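To start, the structure under review is shown below, and the notes come after it.
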Amino acid sequence: MTYKKFIIYITLITAAGSACKKGNPGVNPNPVENKITVSTLAGNGTDAFANGPVLSAEFDEPIDVAYSAGGIIYVSDYNNRRIRKISGGQVSVLAGNGSWGTTNGASNVAEFKDPYRIEVDAAGNVYVLDQNNPHVRQITPLGDVSVFAGTDVPGFRDGDALIAQFALDQGGITFDTHGNMYIDDTFNGRIRKISLTGQVSTFAGKETVGLVNGDTSVAQFQYADAILFDKQGNMLVADNGNFCIRKITPAGQVSKFTGTGTNGTSDGGPGVAQFHYINDMVIDKDGNLILSDENRIRKVTPEGVVSTIAGSTAGYADGDGATAKFNYAGGLAIDPDGNIYVADALNNRIRKISFK
């Protein structure tokens with residue numbers, strides 16, 4: 001696995017033992033009432049770079065996806081250092097020339113180091129979190145790349161977006177209903193807010209890692225990753241170091257939503273379910289979370305009950321949910337019809353989960 005955060009995380013949990021991400025609303029994917037079908041949307045499985053028809057296109061460890069209005073799917077193509085675009089049955093490049101760097105500018109000039117998380121705003125701009133670059137970067141629909149927030153120097157500082165500092169390896173990005181951006185600044189231990197006026201502030205958390213609930217000013221997280229808002233305005237946080245999902249209410253109170261706090265893959269209620277490593281989360285119109293947990297796609301009801309809807313051990317197989325296989329399921333996206341898109345990183349493919 002080439003992702004720094006995952007390597008660091010595995011090192012930490014190996015030493016500690018078993019102690020202890022966005023999207024448009026769609027149709028409720030119910031694993032009992034609906035048939036779950038996993039198919040390949042794009043990629044032929046070769047770890048290389050090629051544009052063209054979706055099933056002959058090539059990716060090299062695609063790690064995140066984002067769905068935009070008009071049915072465009074964007075892909076963070078990690079090892080190709082590009083943001084790719086899937087539209088009209090074709091794969092093309094939105095931005096990035098494949099060189100390792102931080103150059104901004106036009107699509108064919110711009111450079112990325114290790115493009116990780118991506119998200120799309122209401123205007124169709126794509127935002128990129130690059131693991132080796134402390135900036136938040138913006139890509140216009142035409143592919144022009146610029147710095148949206150952050151400086152060249154990693155660190156921690158609130159304030160105006162272009163003087164604010166973030167740590168390397170930020171883990172999650174989402175928007176609220178007003179258009180404010182939130183960044184999971186993982187290795188600063190904080191969730192940061194970037195307002196519509198371009199001001200960066202600390203939304204929750206502190207530098208000291210741990211598992212502390214309560215007011216956002218005292219709450220602690222441990223290597224949190226994916227974040228999103230539910231229909232009630234609560235923020236849900238994949239707190240991977242604590243093997244659980246946390247909830248932040250609109251009143252600023254942090255609590256555990258579901259998960260025992262131990263490393264595993266057990267399904268069940270909030271006091272039984274276990275998580276291994278949640279890469280990303282989306283939410284459907286009925287408030288169910290759909291999340292990627294290493295090689296599994298799992299569902300969490302509004303009551304915190306967890307079930308596995310697709311995947312098991314690492315592999316590659318299309319088909320129904322019980323027999324389908326993924327190899328490090330990364331970022332997720334959801335379309336208005338409730339279809340889920342999965343960046344199947346080590347299979348070098350983009351997969352689609354439909355519910356009929």
Side-chain angles (χ1 to χ4, degrees), residues 3 21-24 26 40-43 49-55 57-98 104 106-108 110-131 133 135-146 148 170-175 179 181 183 226-228 279-282 290 292 329-337 339-345 347-353:
Y3 312 116
K21 130 296 173 225
K22 131 180 163 167
N24 300 303
T40 296
L41 175 72
F49 171 76
N51 289 318
V54 288
L55 294 181
E58 296 173 342
F59 301 90
D60 194 348
E61 297 191 17
I63 191 57
D64 201 8
V65 287
Y67 183 89
S68 183
I72 299 171
I73 297 170
Y74 294 105
V75 179
S76 180
D77 196 357
Y78 189 86
N79 283 338
N80 279 321
R81 303 185 181 95
R82 295 175 171 96
I83 306 303
R84 311 282 290 280
K85 175 179 175 180
I86 303 174
S87 180
Q90 298 286 316
V91 176
S92 59
V93 173
L94 173 67
N97 61 18
N104 294 309
S107 173
N108 62 343
E111 298 172 336
F112 300 94
K113 290 185 174 180
D114 301 303
Y116 184 51
R117 289 289 179 232
I118 56 173
E119 186 56 290
V120 183
D121 69 11
N125 298 299
V126 178
Y127 297 86
V128 182
L129 304 182
D130 190 327
Q131 283 193 319
N133 184 347
H135 295 121
V136 180
R137 298 169 79 187
Q138 181 191 70
I139 311 173
T140 70
L142 295 178
D144 295 321
V145 180
S146 61
F148 182 75
Q170 305 149 39
I173 180 170
T174 195
F175 292 91
M181 179 187 291
I183 301 292
I227 52 176
L228 56 69
N279 272 292
D280 203 6
M281 306 184 294
V282 293
I290 309 297
S292 50
L332 303 177
I334 186 169
D335 70 19
D337 295 321
N339 299 301
I340 307 294
Y341 301 91
V342 184
D344 193 0
N347 279 322
N348 302 301
R349 294 174 168 98
I350 308 304
R351 314 286 289 284
K352 178 180 179 180
I353 306 175

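All values reported here derive from a predicted model rather than from experimental measurement. Sequential numbering from 1 along the given sequence is applied to the chain's residues.
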Closest approach of [X] and [Y], non-hydrogen atoms and distance?
{"X": "Leu332", "Y": "Val342", "result": "CD2-CG2, 3.7 Å"}
{"X": "Val136", "Y": "Ile183", "result": "CG2-CD1, 4.1 Å"}
{"X": "Ile350", "Y": "Ala343", "result": "CD1-CA, 4.1 Å"}
{"X": "Asp64", "Y": "Ile118", "result": "OD2-N, 2.9 Å"}
{"X": "Asn279", "Y": "Ala329", "result": "ND2-O, 3.2 Å"}
{"X": "Leu129", "Y": "Gly172", "result": "CD1-O, 3.6 Å"}

Pairs under 3.5 angstrom only: tabulate donor-acceptor contacts from the side chains of residues 84-94 to other protein residues two or more places apart or in another chain.
| unit_1 | atom_1 | unit_2 | atom_2 | d |
| --- | --- | --- | --- | --- |
| Arg84 | NE | Asn51 | OD1 | 3.4 |
| Arg84 | NH1 | Glu58 | O | 3.1 |
| Arg84 | NH1 | Asp77 | OD2 | 2.5 |
| Arg84 | NH2 | Ala50 | O | 2.8 |
| Arg84 | NH2 | Asn51 | OD1 | 3.1 |
| Arg84 | NH2 | Glu58 | O | 3.2 |

Under the side-chain hydrogen bond (donor to acceptor under 3.5 Å, both in side chains) rule, collect the residues that match up with [X], sequence neighbours excluded.
{"X": "Ser107", "value": "none"}
{"X": "Tyr74", "value": "none"}
{"X": "Asp130", "value": "none"}

Checklist entry - Does the pair Asp114 and Asn133 meet the rule for a side chain to side chain contact (heavy atoms under 4.5 Å, CB included), with working shown? => result CA-CA 8 Å; Asp114 301 303; Asn133 184 347; over 6 Å; no
Next on the checklist: Determine whether a donor-acceptor pair (N or O, by modelled atom type, separation under 3.5 Å) exists between the side chain of Asn79 and the backbone of Glu61.
Outcome noted: no
Next on the checklist: Any side-chain to backbone donor/acceptor pair from Ser292 onto Gly331? Under 3.5 Å, distance only.
Outcome noted: no
Can you confirm whether [X] sits close enough to [Y] that some side-chain heavy atom of one is under 4.5 Å from a side-chain heavy atom of the other?
{"X": "Glu119", "Y": "Phe175", "value": "yes"}
{"X": "Tyr341", "Y": "Ile334", "value": "no"}
{"X": "Val120", "Y": "Tyr67", "value": "no"}
{"X": "Val128", "Y": "Ser76", "value": "no"}
{"X": "Val75", "Y": "Ile83", "value": "no"}

Rounded to the nearest 0.5 Å, what separation is found between the [atom1] atom of [X] and the [atom2] atom of [Y]?
{"X": "Phe112", "Y": "Arg82", "atom1": "CZ", "atom2": "CZ", "answer": "10.5 Å"}
{"X": "Ile353", "Y": "Asn339", "atom1": "CD1", "atom2": "CG", "answer": "9.5 Å"}
{"X": "Asn347", "Y": "Thr40", "atom1": "CG", "atom2": "OG1", "answer": "8.0 Å"}
{"X": "Lys113", "Y": "Arg81", "atom1": "NZ", "atom2": "CZ", "answer": "10.5 Å"}
{"X": "Asp335", "Y": "Ile72", "atom1": "CG", "atom2": "CD1", "answer": "13.5 Å"}
{"X": "Arg349", "Y": "Asp344", "atom1": "CZ", "atom2": "CG", "answer": "8.0 Å"}

For residues 138-146, which side-chain N or O atoms pair as donor and acceptor with protein atoms under 3.5 Å away, sequence neighbours left out?
| unit_1 | atom_1 | unit_2 | atom_2 | d |
| --- | --- | --- | --- | --- |
| Gln138 | NE2 | Tyr127 | OH | 2.9 |
| Thr140 | OG1 | Leu142 | N | 3.3 |
| Thr140 | OG1 | Gly143 | N | 3.4 |
| Thr140 | OG1 | Asp144 | N | 3.2 |

Item to check | side-chain hydrogen bond (donor to acceptor under 3.5 Å, both in side chains) assessment of Gln131 paired with Tyr78 | outcome: CA-CA 10 Å; Gln131 283 193 319; Tyr78 189 86; 2.6 Å; yes
Checklist entry - Ala123: what forms a side-chain contact (heavy atoms from CB on, under 4.5 Å) with it, not counting sequence neighbours? => result Asp121, Asn125
